[in-house]
2 protein chains.
Amino acid sequence: MKKYIEILKRTQLFSGVSDTEISAMLNCLQAKLLTFQKGDYIFREGERIDNITVLVKGKLLVQHDDFWGNRNIVNVIRIGEMFGEAYVAPESGSLLNDVIAEEDSAVIFFDVRRILTVCSTACRFHSMVIQNLFFAISEKNRKLVQKIGHMSKRSTRAKLLSYLSEEAKRQNSSHFTIPFTRQQLADFLCVDRSAMSNELCKMRDEGLLQFAKNQFILL
Amino acid sequence: MKKYIEILKRTQLFSGVSDTEISAMLNCLQAKLLTFQKGDYIFREGERIDNITVLVKGKLLVQHDDFWGNRNIVNVIRIGEMFGEAYVAPESGSLLNDVIAEEDSAVIFFDVRRILTVCSTACRFHSMVIQNLFFAISEKNRKLVQKIGHMSKRSTRAKLLSYLSEEAKRQNSSHFTIPFTRQQLADFLCVDRSAMSNELCKMRDEGLLQFAKNQFILL
DNA sequence: ACTCCTTTGTTGTAAAAACAACCGACTTGT
DNA sequence: ACAAGTCGGTTGTTTTTACAACAAAGGAGT
């Protein structure tokens with residue numbers, strides 16, 4: 001676990017907490033490290049969990065398959081990001097999504113109740129971690145709202161422009177890369193891939209944008 | 001403010017905190033009560049805020065109008081519910097939505113940083129409020145995920161069935177009421193009202209469900 | 001009771017998306 | 001080098017949705 005402290009130090013959860021304090025808290029919080037191979041399920045829809053997790057290696061997809069097999073990518077989890085914090089609550093019910101390793105991955109599990117209960121022993125930085133946790137889930141909340149913002153657009157074109165312009169804004173440049181393949185982007189926006197591909201090319205032909213693979217330029 | 005303590009006591013935020021403790025915390029947290037008339041804006045898209053709010057009277061709509069005037073109801077806030085907790089974070093940027101009073105309403109404003117910073121003075125229940133706050137935002141997070149679940153369905157019919165069946169499950173009965181008018185439901189699901197109305201009637205004619213106003217029965 | 005306004009349902013048309021099938025370019029593994 | 005698989009783009013058809021316009025029912029206020 002120690003080799004991941006450098007990564008943990010740069011996560012939202014441990015932002016502002018020193019190496020030695022993190023090390024101490026890993027014990028205090030009874031953290032556990034588990035590894036997964038590409039394609040493995042970290043969590044399955046319907047499961048109940050008591051942990052929040054931090055990804056320290058690899059890449060995870062949070063996704064949902066409906067009755068008819070349509071796959072919806074709810075989120076992508078990259079190194080240093082968290083998952084599960086929304087599901088550990090009294091009567092929270094069960095997980096709404098699958099979490100799958102898109103690459104070989106390593107995940108650290110924390111008992112949330114231990115995090116939220118300020119321990120009587122020394123953990124000086126415990127309350128800072130609580131604040132970090134709050135800000136993190138708060139941010140995830142905003143991301144969901146933004147995704148809804150994209151999805152709420154009525155046409156595929158409007159969905160694409162909503163997503164792409166926001167991504168450009170986020171990366172602070174009209175030239176930017178997206179973290180999706182075409183199929184994943186279509187899943188993220190909940191539209192048909194071929195129709196979306198078609199629409200992208202139309203917009204390119206109309207001079208609205210340029211792209212190659214996952215690199216885009218808004219004009 | 002005191003007349004609303006009974007309401008505050010039953011909110012998620014103050015769950016498990018006694019009247020007298022709430023009263024003390026209202027001072028400690030420097031809470032402020034503001035009233036609004038039907039149609040008033042509590043917050044506007046683009047604003048930056050330092051407060052979380054609890055609705056103690058009336059009803060609020062969290063909504064988003066796009067470029068072309070399509071209105072999307074992101075959420076309905078009822079008495080005892082909270083708003084704003086997702087937007088008070090370092091570098092959180094500005095509000096993504098408007099918050100509007102659907103009825104004459106009263107709202108209590110709390111400074112979040114005061115909540116998250118455990119005060120040196122006595123507030124015994126402060127840490128319980130922190131936990132409550134966490135669970136609350138966690139739950140809001142899940143609701144957003146559920147909404148995305150409905151919206152991700154490709155057809156209007158599938159969106160309706162997804163929403164209605166969940167609502168039936170939530171109210172634990174095949175006979176249930178929804179908190180929306182048709183237009184609001186259409187906005188919530190991001191579809192055209194008339195097309196949705198049409199689809200509802202088709203489903204009724206096919207014997208899938210029955211409805212009158214906002215009362216529904218799934219068959 | 002009357003008017004105004006909101007809500008809901010209905011219909012037809014035009015536009016858009018889903019769907020299916022296919023191709024070519026690239027990767028990956030053997 | 002070859003085969004199998006993935007990825008992105010293209011096209012044509014079918015289905016669905018949005019849109020517009022209108023009618024009927026119900027409520028609120030005068």
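Numbers restart at 1 for each chain; the letters A, B, ... are given by sequence-line order, proteins then strands.
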Query - Secondary structure of DNA chain D in dot-bracket form (Watson-Crick or G-U wobble, distances below 3.5 Å, | marking inter-strand pairs) - result: ||||||||||||||||||||||||||||||
Report task. Kindly say whether, by distance alone, the side chain of B:R204 makes a donor-acceptor pair under 3.5 Å with the base of C:dG9? Result -> no
Query raised in the report: Looking at the side chain of A:D192, which of D:dG9, C:dG9, C:dA18 is the nearest nucleotide?
Result: C:dA18
Query raised in the report: Just checking A:S197: base, sugar-phosphate only, or nothing, at a heavy-atom cut-off of under 4.0 Å?
Result: base
Query - Which residue lies more 5' along DNA chain C, comparing A:S155 with A:S194 via nearest heavy atoms - result: A:S155
Requested in this report: Among the candidates D:dA18, C:dG9, D:dT11, find the nucleotide nearest to the side-chain atoms of A:N198.
Outcome: D:dT11
Requested in this report: Between D:dA21, C:dA21, D:dT11, spot the one nearest the side chain of A:R193, thanks.
Outcome: C:dA21
Query raised in the report: At under 4.0 Å between heavy atoms, what does A:F180 touch on the DNA or RNA strands: base, sugar-phosphate, or nothing?
Result: nothing
Query raised in the report: Which is true for A:T156 with a 4.0 Å heavy-atom rule: it touches a base, it touches only sugar-phosphate, or it touches nothing?
Result: sugar-phosphate
Query - Rounded distance (Å) that lies between atom P of C:dT8 and atom CG of B:L185 - result: 10 Å
Query raised in the report: Any chance the rings of B:F43 and B:Y87 have centres within less than 6.0 Å?
Result: no
Report summary line: Looking only at D:dA18, D:dT11, C:dT7, the nucleotide nearest the B:T181 side chain is C:dT7
